[in-house]
Amino acid sequence: MAKIEKVWAREVLDSRGNPTVEAVVTVNGHEISAIAPSGASTGMYEAHELRDGGDRYKGKGVQKAVENVRTTVAKAIVGMDPTDQRAIDMAMVEADGTDNKKSIGGNATTAVSFAVANAGAFVSNQQLYEYIGKDHVTLPVPMFNIINGGKHAGGDLKVQECMIIPAGASSFSECLRMAAETYSSLKSILKSKYGVGAINVGDEGGFAPPVNTVSEALGTIVEAISDAGYEPGKDIYLGIDAASSEFFENGKYSVDGLSLSAGELVDHYRSIIDEFPLISIEDPFEENDYATTAELTKAVGNRVQIVGDDLFVTNSKRLADGIKKGAANALLLKVNQIGTVSEAQDACEMSADNGYNVVVSHRSGESEDTTIADLCVGWGTGQIKTGAPCRGERTAKYNRLLRIEDRLGSKAVFPGKKALRL
Ligand SMILES: O=C(O)[C@@H](CO)OP(=O)(O)O
Ligand SMILES: [Mg+2]
């Protein structure tokens, strides 16, 4: 049996230039490292990130998380078998002792949990996706965020992400090519419509043009899809992440130049669904509103994937509540929202057992770490969202998926439209 010989951590930078935690686990004399990502539109029920009062630039909170890995976490897990992911994750949960990783920090536990997964694969002489997935590995249909709004961009567009979903493709690599071509034609269209400033990009690599409404954004994307030679609603579909908690105040949603009640927002979404080939809506209502999320799911859930991100925060308890109430029909899975790979896996399995789709997701603050690409393939979730088809921290994941597809050759399973139950 291999043993974890040493646990270390250091501060490195994420894609926004903010400090984050890199954990290093030594097995068989080899150092295996992994980096925690970080959100901007974080859900209120997420695992706690150690960031010193939310100040992301002084680095003191991250230093504390780094220190916790070097001391508390190292004490709890050195000597354990790196292939016993669950025991290691539970040892961290126990050493933390809070219900939201407040003492060790969700960023500390995530980085260690990722590193342990990679170390387990290393000592097993396997690729991470093989080690996790055994024999049911599946390449995902990706969602590409090509127009950025909300907290990820500086403009007036309140909806955070406007995405393309090339579910009509016959392989992952074809999805990526279709997305890159559409991204490129969108760039030309935006430049000619709004001027050269419109092609500046937001946190996830999508453009941040001066559009005011989601319809304007989706209309331009539809044009770009056609210009690239694809058929909207057949080859490439649309998805949005409303991240609506960010524009919810005093019982009203300020979106698309309107001030809407939850009920009015249901009608607003329904008119957008009627106008565009929109097949996925994430966080349509604020993170505590299971009732209206259930109402929308009931009304359109047979043709639209309703995804819970801030709503569920990859937390099995919140997910179980949502399932009971019929809120959403898909889980957005972010390991750092709950803080360990094993707890995220629990939420993944609960989703599958209850007929909910699962979309593995990056954060807006990312790094070169590609662990989530392997988790997605190994768990066979069939969907991933990891930003635009550009910027190194996003292409790191897409390129990793290309490599996995290439390694699998004719054994690569790709679900296409089935991943979204279309
Ligand atoms: O809301 C989201 O889905 C994510 C990732 O796209 O954003 P953030 O990491 O800022 O929470
Ligand atoms: Mg989201």
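Everything numeric here is computed off the predicted structure, so don't read it as measured data.
In terms of heavy-atom proximity, Gln305 sits nearest to Asn357 at OE1-ND2, 2.8 Å. In terms of heavy-atom proximity, Met178 sits nearest to Ala169 at SD-CB, 3.6 Å. Listed here is the closest heavy atom pair of Thr297 and Gly326: CB-O, 3.6 Å. Listed here is the closest heavy atom pair of Cys348 and Leu333: CB-CD1, 3.6 Å. When all heavy atoms are compared, the tightest approach of Ala108 to Val69 is CB-CG2, 3.6 Å.
Contact annotation: the side chain of Val377 approaches that of Pro140 to within less than 4.5 Å [non-hydrogen atoms, C-beta and beyond]. Within the 4.5 Å cutoff, no side-chain heavy atoms of Val359 are placed close to those of Ile384. Contact check for Asn148 versus Val201: no side-chain heavy atoms found under the 4.5 Å cut-off. Side-chain contact check for Leu278 versus Tyr237: every heavy-atom pair is 4.5 Å or farther apart.
Distance alone, capped at 3.5 Å, is enough to place a donor-acceptor pair between the Asp96 side chain and the Ile104 backbone. Using modelled atom types, one side-chain atom of Asn200 and one backbone atom of Gly197 make a donor-acceptor pair closer than 3.5 Å.
With respect to the salt-bridge test (charged N to carboxylate O, under 4.0 angstrom), the residues Glu405 and Arg400 do not qualify. Salt-bridge annotation for Arg270 and Asp274: absent, with no side-chain N of the basic residue lying under 4.0 Å from a carboxylate O of the acidic one. The existence of a salt bridge linking Arg403 and Asp374 is excluded, since no basic side-chain nitrogen approaches an acidic carboxylate oxygen closer than 4.0 Å. A salt bridge is absent between Glu49 and Lys102: the closest approach of a Lys/Arg side-chain nitrogen to an acidic carboxylate oxygen does not fall below 4.0 angstrom. A salt bridge does not link Arg391 with Glu366: every distance from a Lys NZ or Arg NE/NH1/NH2 to an Asp or Glu carboxylate oxygen is 4.0 Å or more. A salt bridge links Lys334 with Asp309; the closest basic N to acidic carboxylate O contact falls under 4.0 Å. Classification of Asp369 and Lys397 as a salt-bridged pair fails, no side-chain N sitting under 4.0 Å from a carboxylate O.
Listed by first and then second residue, the salt bridge (Lys or Arg N to Asp or Glu O under 4.0 Å) pairs involving residues 19-44 are Arg10-Glu22 (not counting sequence neighbours). Residue pairs meeting the ring pair (Phe, Tyr, Trp, His ring centres under 6.0 Å) criterion with at least one partner in residues 158-188, sequence neighbours excluded, are Tyr183-Phe207. Residue pairs meeting the salt bridge (Lys or Arg N to Asp or Glu O under 4.0 Å) criterion with at least one member in residues 182-201, sequence neighbours excluded, are Lys193-Glu223. Residues in residues 18-51 take part in these ring pair (Phe, Tyr, Trp, His ring centres under 6.0 Å) pairs, two or more places apart or across chains: His30-Phe122. Among residues at least two apart or in separate chains, ring pair (Phe, Tyr, Trp, His ring centres under 6.0 Å) pairs with a member in residues 280-322 are Tyr269-Phe285.
For the residue pair Thr20 / Glu11, no side-chain donor-acceptor distance below 3.5 Å is found, with atom types taken as modelled. For the residue pair Arg16 and Ser38, no side-chain donor N or O sits within less than 3.5 Å of a side-chain acceptor on the partner. Between the side chains of Glu204 and Ser15, no donor N or O sits under 3.5 Å from an acceptor N or O. In the model, Gln63 has no side-chain atom that pairs as donor or acceptor with a side-chain atom of Glu67 under 3.5 Å. Neither side chain, Asn107 nor Thr110, offers a donor N or O lying under 3.5 Å from an acceptor on the other. Between Glu286 and Ser245, the side chains place no donor N or O within less than 3.5 Å of an acceptor N or O (distance only, hydrogens not considered). In summary, the side chains of Asn118 and Thr371 do present a donor paired with an acceptor at a separation below 3.5 Å, with no hydrogens or angles considered. Between Thr42 and Glu46, the side chains place no donor N or O within less than 3.5 Å of an acceptor N or O (distance only, hydrogens not considered).
Each of Ile281, Leu238, Leu218 was compared with Ile272 under the side chain to side chain contact (heavy atoms under 4.5 Å, CB included) criterion, and only Leu218 meets it.
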(request) Evaluate the side-chain contact (heavy atoms from CB on, under 4.5 Å) criterion for residues Lys385 and Glu282: first the C-alpha distance (whole Å), next the side-chain angles of each, then the deciding distance (0.1 Å), finally the verdict. (result) CA-CA 11 Å; Lys385 90 162 185 176; Glu282 182 180 326; 3.0 Å; yes

(request) Quick one: do Ser41 and Gln160 satisfy side-chain hydrogen bond (donor to acceptor under 3.5 Å, both in side chains)? Show the steps, please. (result) CA-CA 9 Å; Ser41 64; Gln160 182 177 281; 2.9 Å; yes

Counting only pairs under 3.5 Å, give me each side-chain donor-acceptor contact of residues 227-234, with atom names and distances, residues two or more places apart or in other chains.
| unit_1 | atom_1 | unit_2 | atom_2 | d |
| --- | --- | --- | --- | --- |
| Tyr230 | OH | Arg177 | NH1 | 3.4 |
| Tyr230 | OH | Glu181 | OE1 | 2.5 |

